[in-house]
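Comments concern the structure below.
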2 protein chains.
Amino acid sequence: MTKARNALNRAAYVAAALDVIGEVGVDKLSMRNVANRLNVSPMAMYKHFPTKDDLLAASLEEFISRANVVPDAGLPWEQWVGRVARGMYEALCGELSWVPLLGSLRVGSQAIAVTEAFVGKLCAAGFSVEQALRAYFAVIQVVVGAVCLRASLAARTGPRPGSLDAVVPPSGPGSARREKMKAVSGELEVFLRRDQIEIGLPLVIDALRAQLKETRI
Amino acid sequence: MTKARNALNRAAYVAAALDVIGEVGVDKLSMRNVANRLNVSPMAMYKHFPTKDDLLAASLEEFISRANVVPDAGLPWEQWVGRVARGMYEALCGELSWVPLLGSLRVGSQAIAVTEAFVGKLCAAGFSVEQALRAYFAVIQVVVGAVCLRASLAARTGPRPGSLDAVVPPSGPGSARREKMKAVSGELEVFLRRDQIEIGLPLVIDALRAQLKETRI
DNA sequence: ACCTGAACACCGTTCAAGT
DNA sequence: ACCTGAACACCGTTCAAGT
């Protein structure tokens, strides 16, 4: 049964790819080092993955599946949504090297399974399908954006990428403004180091709560 | 004055890099093709940009600067914030190839100039510095996330990356659920094609408006 | 039918050698 | 001091040649 053998090999390649990614990061993954890990010719992979991007997409699928972000039912929707979002955020923060291609890979069935669970949960809570989908994409946007900001923080080497003070225009009399900007500069670092997901997510959940209340009236 | 010559060359390299990016995309940019465009040895660039990432970071700076997203003052803060966010979104959608490295490049002074303007505007509207910074990062998260989703939509070749129906579990008696999921599947495409920024941004602005009202009481 | 090694056309970066 | 060409160690992918 060649189908079964193919399926096994595919999974083996993806598992090996995830191993490589865990060791050297997504950016350093290559067809060659995955094949070497399996003691096989790099060309053998092209039967299962016509392109490196196909291998990466399959690996991201498996990564999403392993992250297991969908929580138990039974939680109130706010907490349920929070758990999904924080679960995704933490999983991606654990493998920041995914970030550069979060926007360029195809979404597959694993990602859609999460969508389905999300929409189901929110519909059960009283949202319309349209509202639930809108909420889902808003949450995904915040998660992806938060991970990107977190990653670009991690990429910075020195403590200051450029000082806010250097940018404040030399406004003649505006000394109050200058003082406020000094406060901004001071707090900027603090904000960058904070858990990014706790910045955007509460705002979105608040807005959703208000939306639901308005719908029910 | 070597300083001036260096500055000129730096700008010339960045301009050439942006030309190349405009033609073939960020992913296809290389030290070699930028140098070729300027009829110079690829090695000459290493004096100004010790690494390809330095060239990319400088190019992103210039890209941000050219996008010119900070609108005129005088707009009410909601509209002002909306203009900044939509401006960023549209600029990045116009050059989607930036997306893969949105999370991996250092932020420079141009980005900080936008931060400063944003915080200044919201403080003038009555937000605290802390609230304004929080709002800024939330908006950036939504913009980046929206661009990522938009990009991953653009990356899809076929119309269906995987059908929702294929994922719905064969729940025995739950026929109402199945029907709802069919509706989800139908609307998913519509949502993916919609302007992503109009999904997350209104939610965030709503939450900010509520926050401001509460503060003022 | 399947797998492979060599080869192609790239890449970022190093470094000794030119001027 | 500055710039350069050749070279190193990679890369994704093609393809003719093996079994």
| query | Over how many whole Å does the gap from B/Lys28 atom NZ to D/dC11 atom P extend? | reply | 18 Å
| Atom pair distance, as rounded to whole Å: CG in B/Leu55 and P in C/dC11 | 13 Å
| Any A/Tyr46 side-chain N or O less than 4.0 Å from OP1/OP2 of D/dT14 | no
| query | Considering only side-chain heavy atoms of B/Val40, which listed nucleotide, C/dT4, D/dT4, D/dC3, is closest? | reply | D/dT4
| message | Nearest to the A/Ala44 side chain among C/dT4, C/dC11, C/dA7, which nucleotide is it? | response | C/dT4
| query | What integer distance in Å separates A/Met31:CE from D/dC10:C1'? | reply | 16 Å
| Would you call B/Arg134-B/Glu130 a salt bridge at under 4.0 Å N-O? | yes
| message | Tell me which nucleotide, if any, is Watson-Crick or G-U wobble paired with D/dT19 when both distances must be under 3.5 Å. | response | C/dA1
| Under the salt bridge (charged side-chain N to carboxylate O under 4.0 Å, His left out) criterion, do A/Arg37 and A/Glu23 qualify, and how do the steps go? | CA-CA 12 Å; A/Arg37 172 172 293 255; A/Glu23 283 172 22; 2.8 Å; yes
| message | Over all strands shown, is B/Leu29 touching base, sugar-phosphate only, or nothing at heavy-atom distances under 4.0 angstrom? | response | sugar-phosphate
| In terms of the angle between their ring planes, are A/His48 and A/Tyr13 parallel, tilted or perpendicular, with boundaries placed at 30° and 60°? | tilted
| task | Report the base-pairing partner of D/dC10 (Watson-Crick or G-U wobble, both distances below 3.5 angstrom), or none. | result | none
| Within the structure, does a side-chain N or O atom of A/Ser30 lie under 4.0 Å from either OP1 or OP2 of D/dC10? | no
| query | With under 30° as parallel and over 60° as perpendicular, where do the rings of B/Phe63 and B/Trp98 fit, or are they tilted in between? | reply | tilted
| request: Let me know the distance between CE of A/Met45 and P of D/dT14, rounded to the nearest Å. | output: 14 Å
| message | Could you tell me how far apart A/Lys47 (NZ) and D/dT14 (C1') are, to the nearest whole angstrom? | response | 13 Å
| message | Any donor-acceptor pair under 3.5 Å linking the side-chain atoms of A/Gln141 with those of B/Gln141? | response | no
| Residue B/Thr51, side-chain atoms from C-beta onward, closest of D/dT4, D/dC11, C/dT13 | C/dT13
| query | Of all the nucleotides listed (C/dC15, D/dG12, C/dG12), which has the minimum atom distance to the side chain of B/Met43? | reply | C/dC15
| query | If you check the A/Asn33 side chain, which of D/dT4, C/dG5, D/dC11 turns out closest? | reply | D/dC11
| said: Please report the distance, rounded to the nearest Å, between CZ in B/Arg32 and C1' in D/dA7. | reply: 10 Å
| How long is the line joining CG of B/Asn39 and C1' of D/dT4, in whole Å? | 14 Å
| request: Measure the distance from CG on B/Asp27 to P on D/dC11 and round it to the nearest whole Å. | output: 19 Å
